[in-house]
Number of protein chains: 6
Amino acid sequence: MALVVTNIARPAPELVEGLASFGVATIHEAQGRTGLLAAYMRPIFRPAHLCGPAVTCELAPGDNWMLHVAVEQCQPGDVLVAAPTSPCEDGYFGELLATSLKARGVQGLVIDAGVRDVAALTKLPFPVWSKAIFAQGTVKETVGSVNRPLVCAGALVRPGDVVVADDDGVVVVGRETARHILEQARQREAGEAEKRRRLASGELGLDIYKMRERLAAKGLRYVDQKDVPG
Amino acid sequence: MALVVTNIARPAPELVEGLASFGVATIHEAQGRTGLLAAYMRPIFRPAHLCGPAVTCELAPGDNWMLHVAVEQCQPGDVLVAAPTSPCEDGYFGELLATSLKARGVQGLVIDAGVRDVAALTKLPFPVWSKAIFAQGTVKETVGSVNRPLVCAGALVRPGDVVVADDDGVVVVGRETARHILEQARQREAGEAEKRRRLASGELGLDIYKMRERLAAKGLRYVDQKDVPG
Amino acid sequence: MALVVTNIARPAPELVEGLASFGVATIHEAQGRTGLLAAYMRPIFRPAHLCGPAVTCELAPGDNWMLHVAVEQCQPGDVLVAAPTSPCEDGYFGELLATSLKARGVQGLVIDAGVRDVAALTKLPFPVWSKAIFAQGTVKETVGSVNRPLVCAGALVRPGDVVVADDDGVVVVGRETARHILEQARQREAGEAEKRRRLASGELGLDIYKMRERLAAKGLRYVDQKDVPG
Amino acid sequence: MALVVTNIARPAPELVEGLASFGVATIHEAQGRTGLLAAYMRPIFRPAHLCGPAVTCELAPGDNWMLHVAVEQCQPGDVLVAAPTSPCEDGYFGELLATSLKARGVQGLVIDAGVRDVAALTKLPFPVWSKAIFAQGTVKETVGSVNRPLVCAGALVRPGDVVVADDDGVVVVGRETARHILEQARQREAGEAEKRRRLASGELGLDIYKMRERLAAKGLRYVDQKDVPG
Amino acid sequence: MALVVTNIARPAPELVEGLASFGVATIHEAQGRTGLLAAYMRPIFRPAHLCGPAVTCELAPGDNWMLHVAVEQCQPGDVLVAAPTSPCEDGYFGELLATSLKARGVQGLVIDAGVRDVAALTKLPFPVWSKAIFAQGTVKETVGSVNRPLVCAGALVRPGDVVVADDDGVVVVGRETARHILEQARQREAGEAEKRRRLASGELGLDIYKMRERLAAKGLRYVDQKDVPG
Amino acid sequence: MALVVTNIARPAPELVEGLASFGVATIHEAQGRTGLLAAYMRPIFRPAHLCGPAVTCELAPGDNWMLHVAVEQCQPGDVLVAAPTSPCEDGYFGELLATSLKARGVQGLVIDAGVRDVAALTKLPFPVWSKAIFAQGTVKETVGSVNRPLVCAGALVRPGDVVVADDDGVVVVGRETARHILEQARQREAGEAEKRRRLASGELGLDIYKMRERLAAKGLRYVDQKDVPG
């Protein structure tokens, strides 16, 4: 049954702002290496970065009707997340829909399908992470749900979850765990600054992370090339 | 039998000029959502755009001999369209052939295979839409046809058809229907300007296109999140 | 058995310098169209170019531990070449490891897997040729070998082989044959300059390479379009 | 955090029995064309069919440790559903684990990865739906969760959901909706018997489903081949 | 514009019968190595073989409506050839449509998309060559053309062309050239019987086809392993 | 340079016989999880199994000439291993070449490309492991090497290496290490029989392999479903 859920709960603005200062890789690590969308989800231009609450949109293959429905459910700062009910690379989204979303303050689109008018989207600019760039047009015949949980590029996305996307791809943070993940990300980043400084000075990760003993215990051996047989 | 067809008919220059002012997505829509090459056909640099009559070239896998034959059949403004007789990503085309085509006024290449020397091609510039970037060299042993109809990346292309390519991909317009498609594209673009203005002002596609009634008839329902079970 | 080979032999610096002045396509041709890595190996930013001796690193799927071990084996000018023991697109490599490699003077990374932090790597800059861009994190549990021959993206790479990479992809030159290949590349390039000049002036490859007779012998025929049936 | 959830709720046995009498396509249609796993999930031998409650198992790439943990959580009639945290085609599962699962009465395995020993699994027989057949061995180093919701081949699967698999692929039915879906499947099948009889007698779907008027309204036209231009 | 072409011309029955006695590889060779559909088109069961005139059917992605329209245009002995207007692996076709086609004497289906109910289709039996096996259901909303030329899995197929399919895949023979191709196939097969006999007796292809001189001229050299350096 | 190496060294017959009694997965494990060809290498019929010394054959894309040269280098019991110099799925091999190889006592073919006449090959029977089944014909124009080391489907294969193939895929064992690997395989299999018996009796791998303590140390926790939040 096709259902549009209105008035979805969104995360507190300060959580979104906080998460917006981190990249996808950091947030993915901060939540225990979970929440990533598939590697084939690529930005149509680089660099690109966004962070905002998800409005979710289910699409029939080759049919972009529900994107028009979803636009109305978006608020400023939102990220539209759309996925077809079976794999499809058609060009569901182009300049006109981008104009409409931008007029409503939407930050960008994450779509497990194709997008077109990428030259115009680049000029706007309106960032999109997609599976393909493809001019193939779509029909408007079949209804689907908006703001219901869906699987997008292999990841479960629920309305109001926080979507972070950058040149590395897309990650989703659950609304209930956003505060905890933000804290984890901050701690992780704090630790990385010191490590970056030491590595930049030429110190080895082997020593910084004290790996040598454990490597030896796992059986790693060193041998000079002149002593290697064959 | 390998055949080179000479003196192919080309579309009237004003049709080519006319179509050149539109993007791939618009032309694809104007001809009833047909004529697109597969989504994997990507430009080697962006932005890129061209529009011109097709010279077609059939290639054996791993063998670029016929590209040299095809060069001679090209006239200024033409677009060379090449496809292997079975799938192949080898680097059929590079700087030398691009230099030769550019010297003859050819606008660009569409090839359902690989291309190499992309740094040099970008510098020339000589735009190419291809399936892959791959340095793999090819031989010169097997003949094929030039200016015979062929299937390139899933689309039928006949010599003299109009090829339009941009950042979204590649579309082909039949020579006999070019005038009609140009007219359709103009009408479509005219309609879009007004829609773009209204969408940019915040008006919804749902209202502009009067979709609400039909959506309801198809069974779409709205429900507040607090009333959604589970 | 996991083995780190130390003190590997490297090619003479003047050979590396010599090969560095050629592109991937030229070197691939110079060594008889061999040594290319698969077409899916793409640079994370363009333009990019490097040439240096390979330090090789075997990785378990989803486990980047051995990259830390490999860093220590690298010398200024080296290129790190890494491959998983079964196909994997996880993000084995990011900003911290790049910082460490750059501190040691390593030129770049070739990895038959995924990479992350590409915005930061672009800014450094630290060039990487990879199969994917993917933020997916990895563990540090399983040891593998460093500086043992391995198959990377379909090509055999031995420690100390010369790796050349540019916008067209990656090619490997055996250490023992590097001098011969350098000579071949020089000869090839010398021949190409003259051909480029003639092609740029509008002369046809058909005539420069004297192809017409052989094409006819293979059965290629020319026919005017008005004489083509159907 | 790696968590093994014990004592999961399972659907009533009569629901599982009821659903077991239908194929994947019927159940997928009965629940509104939802719940399918990706098309790449194929049975290792045909014909094959099963229906049972899901025990879910999260796997690290190239690491099958958690399958051993999951075995203990299985009861007779269960179906083990496993997915790696990033795409991997390694051979996580073979004859020994199948022997163990079979000893506990488990019906089969659904795994978004590779499987090996397929000759032995065919002989047992122990049905498996997998992404690949691949002998690649795995390690036992990284823990993951058992009986937590996971995305397997693009579909959300929760512990206790009903998994139905046959030669067409795999579908998942939510535990709470299983009774309703069973009823829908029965109604659908009842309707199909009559249609099958009419179609077998040569009656057209166009007439049985009264499609002609709607097709005409959508603009479908009929024309004799002799009147088709060009 | 969606058009159903009626009363298409079909090849003479004796041509179809004649071609039916050859396999796909032989016919493909007989027509100069042309006419093959892509390698991903596989039979749902093996062995399978058919030969008959094509009825062509254009499909919207995720929409099988036009298959019902196409059924009416089929005559006994025909082969239905269907392709979506953009790539789609949904399960357009199953037991009910197969029952309908079989009732009309149709030999089989070639579809550049997915198929379902394969256990039932195997039992009927009703042979299908498809891109995928996938239970994903489809809608009936968008019209397309029947008996118009289309590109199916990379090959141009026109209504009335002869389609031959077996365990190796699918090949298409133009209606106007069918007689010539039949003759070529007969000659080829006649020559192969003798070659098969000689090869079975242990004679080498090198000698039968007199390849040694040409191989040497191309530079092939023989060397004993004990004389190979390195 | 194209070179045919004659009189290659082959492993002792008793080693080949010994290895022939094991499956691919066992041998892969016995040699430290190395030597596997890519997962896409599949047998054209099942069950299939072979074990023998490799004769290697390098092929140009779309050109099967060197297979004829390789036949002459084969001895009874050999396995022909062939790979194109760039990816290609053409049908390099069919019934005639199989007849020739069978006449010389060759056991089977491993080819990183396509094969055709699979119905006839199944009937002979002549087992083939390939990347694709595709009727696409090939030319005979370009020479390559026979019995030189090559990378086939991601694995390095040298002439005289032992190739083992079964329903799980293909693995290669170095000639010099064959005796050691045989010993390892025997030990592994001996250990598995006892484990299989215990698992079949219902004992858990968790207990047989004493995994519980290490799992707990890695942080795995158990919780009853009624105590799981959310």
Side-chain angles (χ1 to χ4, degrees), chain A residues 1-9 44-45 62 64-73 89-91 94-105 113-124 131-149 159-160, chain B residues 23-43 46-49 164-171 191-193 195-209 211-212 214-230:
Chain A
M1 195 182 53
L3 210 61
V4 181
V5 177
T6 59
N7 298 315
I8 60 164
I44 60 167
F45 56 78
N64 78 343
W65 206 10
M66 296 312 292
L67 288 176
H68 288 275
V69 175
V71 171
E72 190 178 29
Q73 303 307 316
E89 301 201 349
D90 289 356
E95 190 188 2
L96 288 184
L97 275 161
T99 302
S100 183
L101 285 175
K102 204 173 165 91
R104 298 182 78 79
V115 61
R116 62 186 189 178
D117 298 337
V118 294
L121 299 182
T122 303
K123 206 179 295 177
L124 274 176
K131 186 182 188 181
I133 295 173
F134 194 22
Q136 177 68 45
T138 51
V139 298
K140 290 174 182 42
E141 297 287 354
T142 301
V143 293
S145 290
V146 170
N147 279 334
R148 296 288 288 162
Chain B
V24 166
T26 298
I27 288 170
H28 161 69
E29 290 285 343
Q31 67 181 348
R33 295 191 189 124
T34 63
L36 277 188
L37 275 66
Y40 62 69
M41 295 295 289
R42 301 299 306 142
R46 278 170 51 186
H49 181 266
V164 185
D166 65 13
D167 293 12
D168 286 346
V170 186
V171 70
E192 291 217 338
K195 281 175 206 154
R196 193 179 298 115
R197 194 194 54 72
R198 291 174 70 180
L199 291 165
S201 76
E203 215 175 330
L204 286 168
L206 287 178
D207 298 315
I208 296 174
Y209 305 110
M211 291 169 170
R212 294 186 194 273
R214 196 167 156 250
L215 285 163
K218 289 265 188 176
L220 188 68
R221 292 198 312 115
Y222 288 76
V223 57
D224 192 284
Q225 193 178 45
K226 71 179 189 303
D227 301 323
V228 177

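What you are looking at is a predicted structure, and each value in this text was computed from that prediction instead of being measured. Lettering of chains follows the sequences in order, A, B, ..., and the numbering in each one begins at 1.
Heavy atoms of A:Arg104 lying under 4.5 Å from chain B belong exclusively to its side chain. Only the side chain of B:Tyr209 comes within less than 4.5 Å of a heavy atom in chain A; its backbone stays farther off. In this structure, the portion of B:Glu203 lying under 4.5 Å from any heavy atom of chain A is its backbone and not its side chain. For a residue to count as touching a neighbouring chain, one of its non-hydrogen atoms must lie under 4.5 Å from one of that chain's; by this rule A:Glu72 touches chain B with backbone and side chain alike. Proximity to chain A (any heavy atom under 4.5 Å) is shown, for B:Leu220, by both the backbone and the side chain. Both the backbone and the side chain of B:Arg214 come within contact range of chain A, each with at least one heavy atom under 4.5 Å from a heavy atom of that chain. A:Ser145 does not touch chain B: none of its heavy atoms, backbone or side chain, sits under 4.5 Å away. Heavy atoms closer than 4.5 Å to chain B are found in the side chain of A:Val143, but not in its backbone. In this structure, chain B has a heavy atom under 4.5 Å from the side chain of A:Glu95, while its backbone stays farther away. Heavy atoms of A:Ala98 lying under 4.5 Å from chain B are absent altogether.
Your options are B:Gly202, B:Gly169, B:Gly205, B:Ala200, and the one with the most heavy-atom pairs under 4.5 Å with chain A is B:Ala200. In terms of non-hydrogen atom pairs under 4.5 Å with chain A, the most contact-rich of B:Val24, B:Leu199, B:Thr26 is B:Leu199. In terms of heavy-atom pairs under 4.5 angstrom with chain A, the leader among B:His49, B:Arg198, B:Arg42, B:Lys226 is B:Arg42. Residue with the most contacts toward chain B among A:Thr122, A:Val69, A:Val146: A:Val69 (heavy-atom pairs, distance under 4.5 Å).
In this structure a side-chain-to-backbone donor-acceptor pair under 3.5 Å is present from B:Arg33 to A:Thr138. Counting only distance, with no hydrogens or angles, the side chain of B:Asp168 and the backbone of A:Val118 share a donor-acceptor pair below 3.5 Å.
The shortest side-chain heavy-atom distance between A:Asn147 and B:Gln225 does not fall under the 4.5 Å cut-off. By the 4.5 Å heavy-atom criterion applied to side chains, B:Tyr222 and A:Gln73 are counted as neighbours. Counting only heavy atoms from C-beta outward, the side chains of A:Thr6 and B:Val223 never approach each other to under 4.5 Å. Two residues are said to be in side-chain contact when any heavy atoms from C-beta on lie closer than 4.5 Å; A:Trp65 and B:Lys218 meet this criterion.
Here the closest heavy-atom approach between residue A:Ile133 and residue B:Asp167 is recorded as CG2-O, 3.7 Å. Of all heavy-atom pairs between A:Ala135 and B:Leu36, the closest is C-CD1, 3.6 Å. When all heavy atoms of A:Phe134 and B:Ala38 are compared, the pair lying nearest together is CE1-C, 4.1 Å.
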B:Leu204 and A:His68: side chain to side chain contact (heavy atoms under 4.5 Å, CB included), yes or no, with the steps? CA-CA 8 Å; B:Leu204 286 168; A:His68 288 275; over 6 Å; no

Could you walk me through whether B:Lys195 and A:Thr99 pass side chain to side chain contact (heavy atoms under 4.5 Å, CB included), step by step? CA-CA 10 Å; B:Lys195 281 175 206 154; A:Thr99 302; over 6 Å; no

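A distance of 11.5 Å separates CG of B:Leu37 from CD of A:Gln136, quoted to the nearest 0.5 Å. For the atom pair CG (A:Leu96) and CD (B:Glu192), the distance works out to 4.5 Å, reported to the nearest 0.5 Å.
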